[in-house]
Every structure is written in C-alpha cells, then in structure tokens.
2 protein chains.
Amino acid sequence: MTEQEIKFKEKIKAIQDTMYVIGGKWKIVIILSIYNGNKRFNDIVASIPKITNRVLSKELKHLEENLLISRKVIDEYPVRIEYTLTEYCLSIDELAGPMEKWGKNHMKKISGK
Amino acid sequence: MTEQEIKFKEKIKAIQDTMYVIGGKWKIVIILSIYNGNKRFNDIVASIPKITNRVLSKELKHLEENLLISRKVIDEYPVRIEYTLTEYCLSIDELAGPMEKWGKNHMKKISGK
DNA sequence: TCATTAAGTATACTTTAGGATACAGGTATC
DNA sequence: GATACCTGTATCCTAAAGTATACTTAATGA
C-alpha cells in the first residue's frame, strides 16, 4: 500500500466516524435546539417539527454517550431534567456552520437547474 | 412565530438537506476516491474497503442527480465509463475537510475518556 | 467456439433508522 | 381518590440503507 493509499484510508475512517456521531436526520438539529435555549425534553420536542419523543430519547442518549451533551436531574417537584451542551460540543460549530451554508446554496443550485 | 424561530427552522431545513445529499456512509468517501484519481467503476470499487458494486452503483446515480459528478461514456472497445467531479463538487471540500478533522479529534477524545 | 473484460443489474436477503401510539411511575393538587 | 404534569419507555410497524452472490450484455481475440 502506498503512502497515499494509507492516507486515503485514514480519511475514510475519520469521515465515517464523524458521520456515525453526527449523521442522520436529527442529531445536529437537536444540538442546535439546545444551543437555542431549550433545556427540557418537552421543550426540545416542541421546538423541532415532526420529531417524536421516542426518536428524541434515543438521540439524546447517543449524544450523551459521545460527550456532546450532559443530562442533569433536578430534584424538584415533578422531577425536571436539564440537557445542556458540553464545552466539547461547541466544536460541532465547525461542521454545522458549513453544512447550513452548503445546504442553502445547494437548494438554489438544484431548484434552478 | 418569532423571527428567531423562523431562522431556526430554516437552519434545520438546510442541514437536513445537506444530510440528504452527502449523508450516509459512502457519499463523501466516493467523492474523495474520484478526487484521488479513480475514474472508472472498478477502480472506485477497489479503492474503497468493503463497498459493494450495487451500493456504488446507487450512490453514483444519487451523486450525478445532485450535480456532484458527471458520467462520460467512452466508446472504445469494452465500453469505458469515466466518472469525474464537477466544478461544483469542489465545494464539498468545505464539508469534507472539517469532517475529517473533527472525526480524527473525536476518536482521540472518545478513546481516552 | 470459448473465455475474458467492463460496467453494471437482478434477486433476495439483513440491519438500522425512523415513526405511531399507548401508557407507566412518581408527585402534587383538587 | 381522581386528575394532571413531566420524562420518558414499550410495543409494533414501515421504509431506507446496506450486503451477498449470481448473472447480463457486448465485443474481442486466442
């Protein structure tokens, strides 16, 4: 295997890993919702059109396992849960920004083709 | 709906569109392979570990429909097909670069947690 | 005539993602 | 005791993504 091939396979792995962590229809969207000030389960559900509670529940676990959000139990009257972004999660901005920009441009490109 | 909410929904849509076009396990990887000099179907299959020809075939069609690659029939003896990136496709670099970087860093983060 | 090569297609699967709906469990209020 | 609030879970289902393996078509040259 040439050096170029080795580098190519490393790139593949890194990109597929990123896709595993933040890929799919909802993950970045959920992060943005929390970033926008929604901390509680039902607020997040309400803020994202068409998401269901089952999907949100699963995705929140995935994001927590990957150190992107943290879950705090607040022991008041009906027990509240607060989701917050970790410091580390802010690095997602390096991806979300470009993705938003690219998506907007692509819509124009395709609709006017 | 507040202005902030409208902007949020636009962001969601743009990101979900991007995910639709370049999301999944293979699409960016295929683009990188062509970028690396592989033009022919079997070369691309060979360059990407674990991809199958059926999957590659489907993904190439998707990428062509989204104006990211072009398919040229070369009418020689066993008919050859050449895939090349479109000019427009180069804009993917704005996404692939950050994704590669983020993925590499994330691997470190998770393995050392 | 037979094998070879390139670029896929066909068929039949398995796995993962996502969706619809119902409701549980604890606590506080009426 | 009944009811409502909150954060989910349970169950069941559909659709999309991905996999495995064999086959097709057309031309060519041994």
Side-chain angles (χ1 to χ4, degrees), chain A residues 12-13 15-34 37-66 68-85, chain B residues 12-13 15-34 37-66 68-85:
Chain A
I12 290 178
K13 188 167 183 325
I15 286 174
Q16 290 186 335
D17 275 21
T18 300
M19 274 300 177
Y20 173 75
V21 178
I22 56 99
K25 203 169 167 185
W26 301 114
K27 295 186 189 74
I28 290 196
V29 169
I30 292 166
I31 289 171
L32 281 181
S33 171
I34 299 175
N38 300 299
K39 293 176 187 301
R40 301 177 59 182
F41 192 88
N42 284 333
D43 292 344
I44 301 171
V45 169
S47 74
I48 301 176
K50 307 209 173 172
I51 201 169
T52 64
N53 48 3
R54 180 184 186 277
V55 168
L56 178 58
S57 173
K58 276 193 162 189
E59 298 286 54
L60 287 171
K61 269 179 200 157
H62 175 98
L63 293 172
E64 202 189 349
E65 278 165 15
N66 282 282
L68 295 171
I69 64 175
S70 70
R71 181 181 185 276
K72 221 181 294 173
V73 179
I74 299 196
D75 200 9
E76 288 183 354
Y77 93 101
V79 177
R80 269 192 310 138
I81 312 288
E82 265 190 24
Y83 292 97
T84 48
L85 303 186
Chain B
I12 290 178
K13 187 168 182 325
I15 286 173
Q16 290 186 334
D17 276 21
T18 300
M19 275 300 178
Y20 173 74
V21 179
I22 56 99
K25 203 170 167 184
W26 301 113
K27 295 187 189 72
I28 291 196
V29 168
I30 291 166
I31 289 171
L32 281 181
S33 172
I34 299 175
N38 300 299
K39 293 177 187 302
R40 302 177 58 181
F41 192 89
N42 284 331
D43 291 345
I44 301 172
V45 170
S47 75
I48 301 175
K50 306 210 173 173
I51 201 168
T52 64
N53 48 2
R54 181 183 188 277
V55 168
L56 178 58
S57 173
K58 277 194 163 184
E59 298 286 54
L60 286 171
K61 271 179 199 155
H62 175 99
L63 293 172
E64 202 190 349
E65 277 165 17
N66 282 284
L68 296 171
I69 63 175
S70 70
R71 181 182 186 275
K72 223 182 295 174
V73 179
I74 300 196
D75 199 8
E76 288 181 353
Y77 98 98
V79 178
R80 269 193 308 137
I81 312 289
E82 265 189 26
Y83 292 98
T84 48
L85 303 185

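Numbered from 1 within each chain, the chains take letters A, B, ... in sequence-line order. Hydrogens, waters and symmetry mates play no part in the numbers below; they use all other heavy atoms, side chains included. The structure presented is a predicted model; accordingly, all values stated were derived computationally and were not measured.
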Figure out the [atom1]/[atom2] separation between [X] and [N], and round it to whole Å.
| X | N | atom1 | atom2 | value |
| --- | --- | --- | --- | --- |
| A/Ile48 | C/dG19 | CD1 | C1' | 15 Å |
| A/Lys39 | D/dT7 | NZ | C1' | 17 Å |
| B/Asp43 | C/dA7 | CG | P | 7 Å |
| B/Arg40 | C/dA6 | CZ | C1' | 7 Å |
| A/Phe41 | D/dC5 | CZ | C1' | 14 Å |
| A/His62 | C/dT16 | NE2 | P | 14 Å |
| A/Asp75 | D/dC5 | CG | P | 21 Å |
| A/Leu60 | D/dT7 | CG | P | 11 Å |

Could you run through nucleotides 18-30 of chain D and give me one letter per nucleotide, 5' to 3': B if any protein heavy atom sits under 4.0 Å from the base, S if only the sugar-phosphate is that close, - if neither? BBBBB-----S--

Quick one: OG on A/Ser70 to CG on A/Leu85, what's the gap to the nearest 0.5 Å?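 The distance works out to 8.5 Å.
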
Just verifying a value: how many Å separate B/Asn42 CG and B/Leu56 CG, rounded to the nearest 0.5 Å?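 These two atoms lie 9.0 Å from each other.
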
Shortest non-hydrogen contact between A/Met19 and B/Ile22, atoms and distance: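 In terms of heavy atoms, the two residues are closest at CE-O, 3.4 Å.
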
With respect to the side chain of B/Arg71, which nucleotide from C/dA7, D/dG8, D/dC6 is positioned closest?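 That would be C/dA7.
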
Strictly distance-based, threshold 3.5 Å: is any side-chain N or O of A/Asn66 a donor or acceptor partner for the main-chain N or O of A/His62?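 Looks like yes, one N/O pair under 3.5 Å.
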
The criterion is salt bridge (Lys or Arg N to Asp or Glu O under 4.0 Å); which residues satisfy it with B/Lys25, sequence neighbours excluded?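 Checked B/Lys25 against salt bridge (Lys or Arg N to Asp or Glu O under 4.0 Å); zero matches.
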
Under the salt bridge (Lys or Arg N to Asp or Glu O under 4.0 Å) test, which residues partner B/Lys13, sequence neighbours left out?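 Per chain and number, B/Lys13 pairs via salt bridge (Lys or Arg N to Asp or Glu O under 4.0 Å) with B/Asp17.
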
Can you tell me if A/Lys61 touches the phosphate of D/dT7, counting only side-chain N or O atoms and a distance under 4.0 Å to OP1 or OP2?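 A/Lys61 to D/dT7 OP1/OP2: no side-chain N or O under 4.0 Å.
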
Give a yes/no answer on whether the side chain of A/Tyr20 brings an N or O atom under 4.0 Å of OP1 or OP2 in C/dA17.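 Answer no for this pair, as no side-chain N or O of A/Tyr20 is under 4.0 Å from OP1 or OP2.
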
Between the first and last five pairs of the helix from C/dT1-D/dA30 to C/dC30-D/dG1, the angle of the axes, rounded to 10 degrees: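 One end axis against the other gives 30°.
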
Sort and list the pairs that fulfil side chain to side chain donor-acceptor pair (under 3.5 Å) and have at least one residue in residues 49-58 of chain A, not counting sequence neighbours.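 Passing the test, one end in residues 49-58 of chain A: no pairs.
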
Using side chain to side chain donor-acceptor pair (under 3.5 Å) as the criterion, list what pairs up with A/Thr18, not counting sequence neighbours.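 Here no residue qualifies.
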
All side-chain contact (heavy atoms from CB on, under 4.5 Å) counterparts of A/Arg80, not counting sequence neighbours: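 Once residues adjacent in sequence are excluded, the partners of A/Arg80 under the side-chain contact (heavy atoms from CB on, under 4.5 Å) criterion are A/Arg40, A/Ile74, A/Glu76, A/Glu82.
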
